[in-house]
Amino acid sequence: MLQVSVLKEQTDRVLAGLAKRNFPNADAEVQRIIGLDQRRRQLQTEHDSAQAEANKLAQQIGRLMKSGDKAGAETLKARTAELKQQTKAAAEELTQLEKELQDALYRIPNVPHASVPAGRSADDNEVVREVGQKPELAEGALPHWDLIKKLDIIDFELGNKITGAGFPVYKGQGARLQRALINFFLEQAIDAGYTEIQPPILINEASGYGTGQLPDKEGQMYHATADDLYLIPTAEVPITNLYRDEIIPTERLPILNAGYTPCFRREAGSWGAHVRGLNRLHQFDKVEIVQIAKPEDSYAALDGMVAHIEGLLQQLGLPYRVLRLCGGDMGFTSALTYDLEVWSAAQGRWLEVSSASNFETYQANRLKLRYRDENNKTQLLHTLNGSALALPRIVAALLENNQQADGTIKLPEVLHRYTGFTQLG
């Protein structure tokens, strides 16, 4: 969440950024937060003054009792009782105000970076670059949902039988391809300097609030209500929360972690080819890269993360493009997001396979994730994450783009040592 000091001292910048996001009633919400903070500070001063006076009177009462001045002591005791009621009332109001202030701050999204374009939807995103040659398929080429059925490598009907729609079963070469891609992505991350983490796939409420999934995305997460735990939508959540409530020594920065997890999302279903097959699932596999950096280093870190993701796509031989998301299409917590999309030849459209984001201090403020500057003063760190990569649409593009006239699927050479085979079918 944003710091109150930022809202007060950089109000114009905040409002201009929220306008990019098309955030409604921004001025009123920001002014309300500033007002709540002013009242909180005033009340805290009143509380502390009353408490200090009560402590001072307690010492005077002791001296009066020792000197035998019981009447004087009783007068001060009456005043102390009044002060006790004042501090109690102030403490109760402070608790309520702090909750109200926190809830109001949770509702304000992050301020976009200056480079973020204005816009309302994905149609307004900026194409930064397009890389690779789109393949031309032979007549009769099939979309991946037909290819997987023909090859018998992924079974949606079995998944529906066991769980429901959006939970496919991978089998045979399909299962081995999944494992191969996960291993390839993890080894590439390790070679790039990331430490592999295998985190829990259930999180508590504090972790959800720490990275901003709560209260913004509770409807998108699967909630185990009996234990009040949530299935993770991405490995970003548990990996970033490893550092909640920590002050990181500067010699440990930057922190680079990578982790594979299954991911779970309850996204509302819709109809059409854009969500058919592997295009949108409720459970899918993904390797995530996460960085924690000093503020002055974070945008260079983001560029490095995007370059790493591009390197994976280049090795897989997939045509791709990089988009800078507009204000209206960005995630709630992000300051700047790049989406990477691969070309799906049989579908004739781009498929998102990765988002790489810099959250600046937005998550760190919630997490209380800090470091000490050269003056030994604590400062908030910047957090970043990126998909490197999400598997379903990568598999869809590999199948469609590499289908051969004989019905087989030629796999990229870089995967051969992981799969143990060179083609599907």
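These numbers come from a predicted model, not from an experiment.
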Side chain to side chain contact (heavy atoms under 4.5 Å, CB included) partners for L142, two or more places apart = D146, L147, K150, Q403

Verify the distance criterion only: is there a donor paired with an acceptor across the side chains of Q347 and E400 at less than 3.5 Å?
-> yes

Looking at E236 and Q363, what are the two nearest heavy atoms and their distance?
-> OE2-NE2, 2.7 Å

Would one find more than 12 heavy atoms of other residues, nucleotides or ligands at under 6.0 Å from atom NZ of K368?
-> no

Compute whether any side-chain donor of one residue and acceptor of the other, for T234 and K286, lie under 3.5 angstrom apart.
-> yes

Is any side-chain N of the basic residue among D124 and R120 closer than 4.0 Å to the acidic one's carboxylate O?
-> no

Around atom CD of Q423, are there more than 12 heavy atoms of other residues, nucleotides or ligands at under 6.0 Å?
-> yes

Decide whether N241 and R244 meet the rule of one side-chain donor and one side-chain acceptor closer than 3.5 Å.
-> yes

Non-hydrogen side-chain atoms of L97 and L43 separated by less than 4.5 Å | yes

Parallel, tilted or perpendicular, as decided by the 30° and 60° cut-offs, for the rings of Y222 and H282 = perpendicular

Assess the side chains of Y260 and D285: does a donor N or O sit below 3.5 Å from an acceptor N or O?
-> yes

E100/R32 ion pair, N-O < 4.0 Å = yes

How far apart are the closest heavy atoms of L316 and V414, and which atoms are they?
-> CD2-CG1, 4.1 Å

Quick one: sort the F332 and Y362 rings into parallel, tilted or perpendicular, breaks at 30° and 60°.
-> perpendicular

Got more than 12 heavy atoms from elsewhere within 6.0 Å of CD, E130?
-> yes

Out of I197, I232, T261, which one pairs with P238 under the side chain to side chain contact (heavy atoms under 4.5 Å, CB included) rule?
-> I232

Salt bridge flag under 4.0 Å for residues R39 and E93 = yes

Set of ring pair (Phe, Tyr, Trp, His ring centres under 6.0 Å) partners for Y243, sequence neighbours left out = none

In a table with atom names and distances, give each donor-acceptor pair under 3.5 Å that connects a side chain of residues 317-328 to protein atoms at least two apart or in another chain.
residue	atom	partner	partner atom	Å
Y320	OH	E310	OE1	2.6
Y320	OH	Q314	NE2	2.8
R321	NE	E341	OE1	2.7
R321	NH2	E341	OE1	3.0
R324	NH1	E126	OE1	3.1
R324	NH1	E126	OE2	2.8
R324	NH2	Y338	OH	3.3

Please check if any side-chain donor atom of N358 sits under 3.5 Å from a side-chain acceptor atom of S298, or the reverse.
-> yes

With sequence neighbours left out, write down each residue that passes ring pair (Phe, Tyr, Trp, His ring centres under 6.0 Å) with Y418, or none if nothing qualifies.
-> F184

Side-chain touch Y230/F264, heavy atoms, less than 4.5 angstrom | no

Take the angle between the ring planes of W350 and W343 and call it parallel below 30°, perpendicular above 60°, tilted in between.
-> perpendicular

For R107, look at atom CZ and say whether over 12 heavy atoms of other residues, nucleotides or ligands are found less than 6.0 Å away.
-> yes

Nearest heavy-atom pair of M221 and R266: which atoms, and what distance?
-> O-CD, 3.1 Å

Should we count CD of E296 as having more than 12 external heavy atoms under 6.0 Å?
-> yes

Taking all non-hydrogen atoms of both residues, which atom of L312 and which atom of A388 are closest, and how far apart?
-> CD1-O, 3.6 Å

For residues L369 and I248, determine if any side-chain heavy atom of one lies less than 4.5 Å from a side-chain heavy atom of the other.
-> yes

Only counting residues at least two apart or in another chain, list the ones meeting side chain to side chain contact (heavy atoms under 4.5 Å, CB included) with P24.
-> none

Gap separating the CG atom of L278 from the CD1 atom of I154, nearest 0.5 angstrom = 4.5 Å

Side chain to side chain contact (heavy atoms under 4.5 Å, CB included) between T250 and D373, intermediate numbers included = CA-CA 8 Å; T250 53; D373 64 16; over 6 Å; no

Partners passing ring pair (Phe, Tyr, Trp, His ring centres under 6.0 Å) against H47 (at least two apart in sequence or in another chain) | none

Distance only, no hydrogens: is a donor on one side chain within 3.5 Å (strictly under) of an acceptor on the other, for S207 and N204?
-> yes

Might you confirm whether atom CD of E251 has over 12 heavy atoms from other residues, nucleotides or ligands at distances under 6.0 Å?
-> yes

Answer whether the closest heavy-atom distance between the side chains of N385 and T240 falls below 4.5 Å.
-> no

Basic-acidic side-chain contact under 4.0 Å: K294, D297 | no

Within 6.0 angstrom of K171 NZ, more than 12 heavy atoms from elsewhere | yes

Heavy atoms of other groups near K217 NZ, more than 12 under 6.0 Å = yes

